[in-house]
Amino acid sequence: MTIQTIENGHLYWDGCDTVALAEKYGTPLYVLSENAILARTDELHRDFLDKYDNVRAAYASKAFSTLAMCRLMAREGLALDVVSGGELYTAIKADFPGEHIEFNGNNKSREELTMAIEYGVGRIIVDGLQELRLIEDICQAVGKKTQILFRITPEIKADTHDFISTGQKDSKFGIPLNPEILFPQIEAAIASPFADFLGFHFHIGSQLADNSTHLAAAKVALHLALAVKERYDFEIRELNYGGGFGVKYVEGDVRQPYAYFLEPLMALTEAFCTANNLKRPTIVIEPGRSIVAEAGISLHTIGSIKELPGIRTYASIDGGMTDNIRPGLYQADYTGLIANKADQSLTEVVTISGKACESTDILVKNLATAPVEAGDIFVTFATGAYGYSMASNYNKLPIPAVVMVKDGVDQLIVRRQSYEQMLQNECLPEGM
Ligand code: LLP
């Protein structure tokens with residue numbers, strides 16, 4: 001179905017008039033199309049989950065972690081990847097089944113691991129040299145056993161922005177492949193009475209448009225599985241190939257279908273296992289951005305307009321880097337339009353700037369738009385992933401509300417933060 005339509009000059013998103021949404025809930029506002037999310041989970045079912053035996057997809061909740069999203073992912077048959085006590089707490093509060101939660105993170109604290117083990121998360125992805133000991137300690141104390149994988153650093157550099165590349169050797173993520181570091185960890189895990197060692201995990205980077213990095217990393221993981229069998233006569237049961245599947249932010253970006261990544265990955269895995277007499281392990285993926293990015297838009301109200309003759313026109317919005325840090329942090333490109341003039345010709349070129357006290361708070365540079373006026377509603381596309389989840393209170397701007405829309409019906413899933421809520425953890429020591 002078409003998520004984005006135009007009626008009476010207004011942009012509609014999953015059947016809802018975005019101008020009316022801006023009026024009803026105020027701006028800035030995140031709007032997520034449930035149908036757009038379902039299109040991606042349906043594709044995952046068709047081309048992965050229902051196509052192969054013994055596979056799982058865990059939604060990487062860091063992309064957009066809310067109670068409603070956890071519920072939606074559970075309903076659609078996905079597992080959940082969490083990376084902090086806060087994301088785990090959100091999952092628990094959404095009653096996400098523990099056995100379908102996978103706990104990632106390169107510096108999990110004792111408190112976080114205890115919460116995870118007590119709740120009975122399905123897997124802990126060990127990503128540090130001291131973590132196994134800590135897990136064993138906690139398991140012993142609470143009288144439980146837990147399933148673990150090791151996140152490895154496959155020593156492969158992904159073709160993406162350096163800041164979101166994670167698989168290269170010089171990375172804070174993952175356990176290095178150096179045999180003198182990795183194998184003692186594996187031996188300890190195989191011997192552990194508290195950890196059930198399942199296999200390996202990698203995540204090589206985000207926003208990838210090419211499948212070659214995943215394939216190269218999968219080869220590394222498969223060779224490691226074989227080495228473990230030969231060395232310890234131990235067959236691993238699970239491999240997690242991470243997330244990272246890219247999306248389309250602007251014209252020129254390619255969003256490859258899931259099958260583009262997963263078909264060759266599965267073929268490679270099956271072929272390797274057959275050739276080496278290994279039982280094909282469970283294959284897990286952790287898509288985040290690809291499920292939710294393009295489903296989401298942001299709505300802002302245009303206020304001040306500054307025309308610099310011969311240079312450019314700045315149109316300022318009532319948010320910016322506080323609700324979308326990606327342009328400032330990764331030079332990420334976005335596009336958008338004036339929602340209340342969605343059918344008008346693009347006769348002006350404006351630079352959409354945020355309201356934070358930072359020169360880098362520019363959302364879109366030199367965008368062709370309909371004539372801009374104060375009060376117009378500006379919509380930015382593809383802000384569903386890493387927008388709300390990376391929002392901040394810089395300049396004491398409140399975190400915007402989030403609305404889920406479907407077939408013309410809107411439902412609030414996150415209330416706008418109030419000024420009182422922003423101050424609720426502040427204290428005034430006596431005498432101040
Ligand atoms: N699994 C692990 C272990 C990860 O670290 C990540 C993302 C994912 C899965 C999901 O990756 P995705 O499918 O969303 O690409 N804030 C950055 C992205 C950081 C991603 C970090 N890890 C951005 O806005 O581009």
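Just so you know, ligand 1 is whichever comes first in the structure, and atom 1 is the first atom listed for that ligand. Since we're looking at a predicted model, the values are computed, not measured.
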* Asked: So is P287 close enough to ligand 1, meaning a heavy atom under 4.0 angstrom away?
  -> yes
* Heavy atoms only: give me the nearest W13-S33 pair and the separation to one decimal. => NE1-CB, 3.6 Å
* List the atom of L132, the atom of F150, and the distance in Å for their closest heavy-atom pair. => CD2-CZ, 4.3 Å
* Is there a donor in the side chain of Y241 and an acceptor in the side chain of T269, or the other way round, less than 3.5 Å apart? -> yes
* Asked: Is the closest side-chain donor-acceptor distance between H203 and N104 under 3.5 Å?
  -> no
* To do: Could you name the option among Y249, Y330, Y241 that has the heavy atom nearest to atom 16 (N) of ligand 1?
  => Y330
* Structure fact -> In short, D127 meets G105 closest at the heavy-atom pair CB-O, 3.4 Å
* To do: Would you please say whether a donor-acceptor pair under 3.5 Å links the side chains of Y394 and E358?
  => yes
* Asked: Hey, is ligand 1 close enough to S290 that some N/O pair sits below 3.5 Å?
  -> no
* At under 4.0 Å between heavy atoms, which part of D81 makes contact with ligand 1: side chain, backbone, both or neither? -> side chain
* Should R151 be counted as touching ligand 1, given the test is an N or O pair under 3.5 Å? -> no
* Measure E286 to ligand 1 on non-hydrogen atoms and call it side chain, backbone, both or neither using the 4.0 Å cut-off. => both
* Side chain, backbone, both or neither: which part of F173 has a heavy atom under 4.0 Å from ligand 1? -> neither
* Structure fact -> The side-chain hydrogen bond (donor to acceptor under 3.5 Å, both in side chains) partners of R231 (sequence neighbours excluded) come to none
* Can you list the ligand 1 atoms lying under 4.0 Å from a non-hydrogen atom of M390? -> 16 (N), 24 (O)
* Within-cut-off N or O pair, Y386 and ligand 1, under 3.5 Å -> yes
* Asked: Applying a strict 4.0 Å limit to heavy atoms, is G244 in contact with ligand 1?
  -> yes
* Listed once per pair and sorted, the salt bridge (charged side-chain N to carboxylate O under 4.0 Å, His left out) pairs that draw on residues 384-400, sequence neighbours left out -> K396-E426
* Contact check: G288 vs ligand 1, nitrogen or oxygen atoms, below 3.5 angstrom -> yes
* So is R40 actually on top of Y258's ring, under 6.0 Å and inside 45° of the axis? -> yes
* **S206: numbered ligand 1 atoms lying under 4.0 Å from its heavy atoms** => 11 (O), 12 (P), 14 (O), 15 (O), 20 (C)
* With atoms numbered from 1 as shown, which atoms in ligand 1 lie under 4.0 angstrom from a non-hydrogen atom of A60? -> 8 (C), 9 (C), 10 (C)
* To do: Find all atoms of ligand 1 within a distance of less than 4.0 Å from any non-hydrogen atom belonging to G243, and give their numbers and elements.
  => 9 (C), 13 (O)
* When only distance counts, is H201 in polar contact with ligand 1, meaning an N/O pair under 3.5 Å? -> no
* To do: Assess the side chains of H201 and E286: does a donor N or O sit below 3.5 Å from an acceptor N or O?
  => yes
